[in-house]
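Only this structure's heavy atoms are used, side chains among them; waters, hydrogens and symmetry mates stay out. Naming convention: chains lettered A, B, ... in sequence-line order (proteins, then strands); numbering from 1 in each chain. Just so you know, these numbers come straight off a predicted model, no measurement behind them.
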There are 2 protein chains.
Amino acid sequence: MDIGKKLQSVRKQRGLSQRELASRAGLTNGTISLIEKNKTSPSIASLKSLLDAIPMSMSEFFSSFDDENTPKYFFTASEFTEIAPQVSGDSPGASAQVSLRQIGGSSHHALLMLYETYPPESDTGVELLSHEAEEAGVVISGSIEITVSDQVRVLSAGDGYIFDSRLPHRFRNTGQQECVIVSASTPPTF
Amino acid sequence: MDIGKKLQSVRKQRGLSQRELASRAGLTNGTISLIEKNKTSPSIASLKSLLDAIPMSMSEFFSSFDDENTPKYFFTASEFTEIAPQVSGDSPGASAQVSLRQIGGSSHHALLMLYETYPPESDTGVELLSHEAEEAGVVISGSIEITVSDQVRVLSAGDGYIFDSRLPHRFRNTGQQECVIVSASTPPTF
DNA sequence: ATACGGTGTTTATTTTAATTGTCAATCATG
DNA sequence: CATGATTGACAATTAAAATAAACACCGTAT
């Protein structure tokens, strides 16, 4: 809720200076400066005075923030946000071509869902998380060699996996074609 | 904008006590009490905290006040508000039976429109305003004797008048039946 | 009865917002 | 260029809101 930015926006839309608006609203230019820089949280009374002078209703002012708290449930593929594979320091074979794209990129959820692309020859290296978490996935296309603890397995399209993230694990595309995996882990890195 | 009443309304709708809501919002019960009794104007930050704890969006909260500032354009006769004839102190013949009813009673307009009823024998006495204003009207029914400055005239239904309010003027119903006048003056008493 | 847990309200203090006056930067004018 | 006017930002003071702690009230259960 960037009140300051929004106020400045509507003020300038009307071509008013801080002093002009202040005069009409019965406040001072300094106050408006502080509000617009979010250095103070105006009282309802003050904000109402300002909006009356513009004029704009309170609900109209705040309506622009409505989608801000509204959870976003759906994402197109292009809206997935690329996240960096967490390099585990001394992983020798780690090739950086692995693509991890998060579904619902921004806000913090209790679930981290990824669209992962493994080119041929790609390798995450050995990963392990220190905190409790569980990780699962389904292979969409291609095939991948997954190592968890002391087990190794090659999964193909349609296969799935699930394991405790604290166990050392590694993903390697040993095939000739790209492998796509959709994975989920809970909770994500907090 | 009765913020306090509205907050209390939404709070009770959720079955929350002031202390419960305060705890969830990270404020104190005393603060909520003061806000609900309109003894303080909460900051946007505070109100946001409260609404988040309810939960309710800012725009939804303020949308209920939207019609409050919406100008009311139409009024039924029963909505006219009776206003007291301004008694000019030493007016000897002033009979108090004159009824002045204002169209659009409440808010301040640039025009004061009145529905005036003069019973037989009624008399406003001599009136005069100190500030610039103009006054006009039309007789709807009955007849009335109007004195402006040094001119006297009896008007009947359909007749009208207009004069500078600073001129001494007087309305007397010298007839046998009630007289109704619709008048307007601008600007009203500011 | 009265002691208890719940409510909302009130008061003194602390914290925060608003004012006041000033500043430097920008811009237009002579 | 110099001047005056206007802009937004800032620091110190004043005004106001938020806190914490007490208060009175109500129902009820010991």
Any protein N or O atoms within reach of nucleotides 6-8 of chain C? Criterion: under 3.5 Å, listing atom names and distances.
residue: C:dT7; atom: OP1; partner: B:Ser17; partner atom: OG; Å: 3.0
residue: C:dG8; atom: OP1; partner: B:Arg11; partner atom: NH1; Å: 2.9
residue: C:dG8; atom: OP1; partner: B:Arg11; partner atom: NH2; Å: 3.4
residue: C:dG8; atom: OP2; partner: B:Gln18; partner atom: N; Å: 2.9
residue: C:dG8; atom: N7; partner: B:Arg19; partner atom: NH1; Å: 2.8
residue: C:dG8; atom: O6; partner: B:Arg19; partner atom: NH2; Å: 3.1

Donor on one side chain, acceptor on other, B:Asp123 and B:Asn173, under 3.5 Å: no

In whole angstroms, the gap separating P of D:dA18 from CD1 of B:Ile44 amounts to 11 Å

Residues passing the side chain to side chain contact (heavy atoms under 4.5 Å, CB included) test with A:Gln8, sequence neighbours excluded, are A:Arg11, A:Lys12, A:Glu36

Between CD1 of A:Ile35 and P of D:dA16 the distance, given in whole Å, is 15 Å

So OG1 of A:Thr124 and CG of A:Leu100: to nearest 0.5 Å the spacing works out to 9.0 Å

(message) Donor-acceptor pair, distance only, cut-off 3.5 Å: does the side chain of A:Thr40 make one with the backbone of A:Ile35?
(response) no

Picking from C:dT10, D:dA18, C:dA18, the nucleotide nearest the side-chain atoms of B:Leu27 would be D:dA18

From CD1 of A:Ile3 across to C1' of C:dA17 the rounded distance in Å is 15 Å

Q.
Using only atom types and a distance under 3.5 Å, with no angle test, would you say the side chain of B:Ser99 pairs donor to acceptor with the backbone of B:Glu116?
A. no

To the nearest angstrom, the NZ-P distance between A:Lys39 and C:dT19 comes to 17 Å

Checklist entry - So does A:Ser46 get a side-chain nitrogen or oxygen closer than 4.0 Å to the phosphate oxygens (OP1/OP2) of C:dA17? => result no

Interface polar pairs with nucleotides 27-29 of chain D, N/O, under 3.5 angstrom:
none

For B:Ser122 and B:Tyr118 the tightest heavy-atom approach is OG-CB, 3.3 Å

Practice problem: Could you check whether A:Thr40 gets within reach of a base, just the sugar-phosphate, or nothing at all, counting any heavy atom under 4.0 Å? | Solution: sugar-phosphate

- Query: With a 4.0 Å cut-off, would you call A:Lys6 and A:Asp2 a salt bridge?
  - Reply: no

Fill in: Donor-acceptor side-chain pairing of A:Ser46 and A:Ser49 below 3.5 angstrom
no

When rounded to whole Å, the CG to P distance for the pair B:Leu7 and C:dT9 reads 11 Å

Counting the atoms with a prime plus P, OP1 and OP2 as sugar-phosphate, which does A:Thr28 contact under 4.0 Å by heavy atoms, base, sugar-phosphate, or nothing?
base

Rounded to whole Å, the CG-P distance (A:Leu47 to C:dT16) equals 20 Å

Rounded to whole Å, the CG-P distance (A:Leu21 to C:dA18) equals 13 Å

Can you find a side chain N or O atom of B:Ser43 that sits less than 4.0 Å from OP1 or OP2 on D:dA18?
-> yes

Rounded to whole Å, the CG-C1' distance (B:Leu34 to D:dA16) equals 12 Å

CD (B:Gln18) and CG (B:Leu50) are apart, to the nearest 0.5 Å, by 10.5 Å

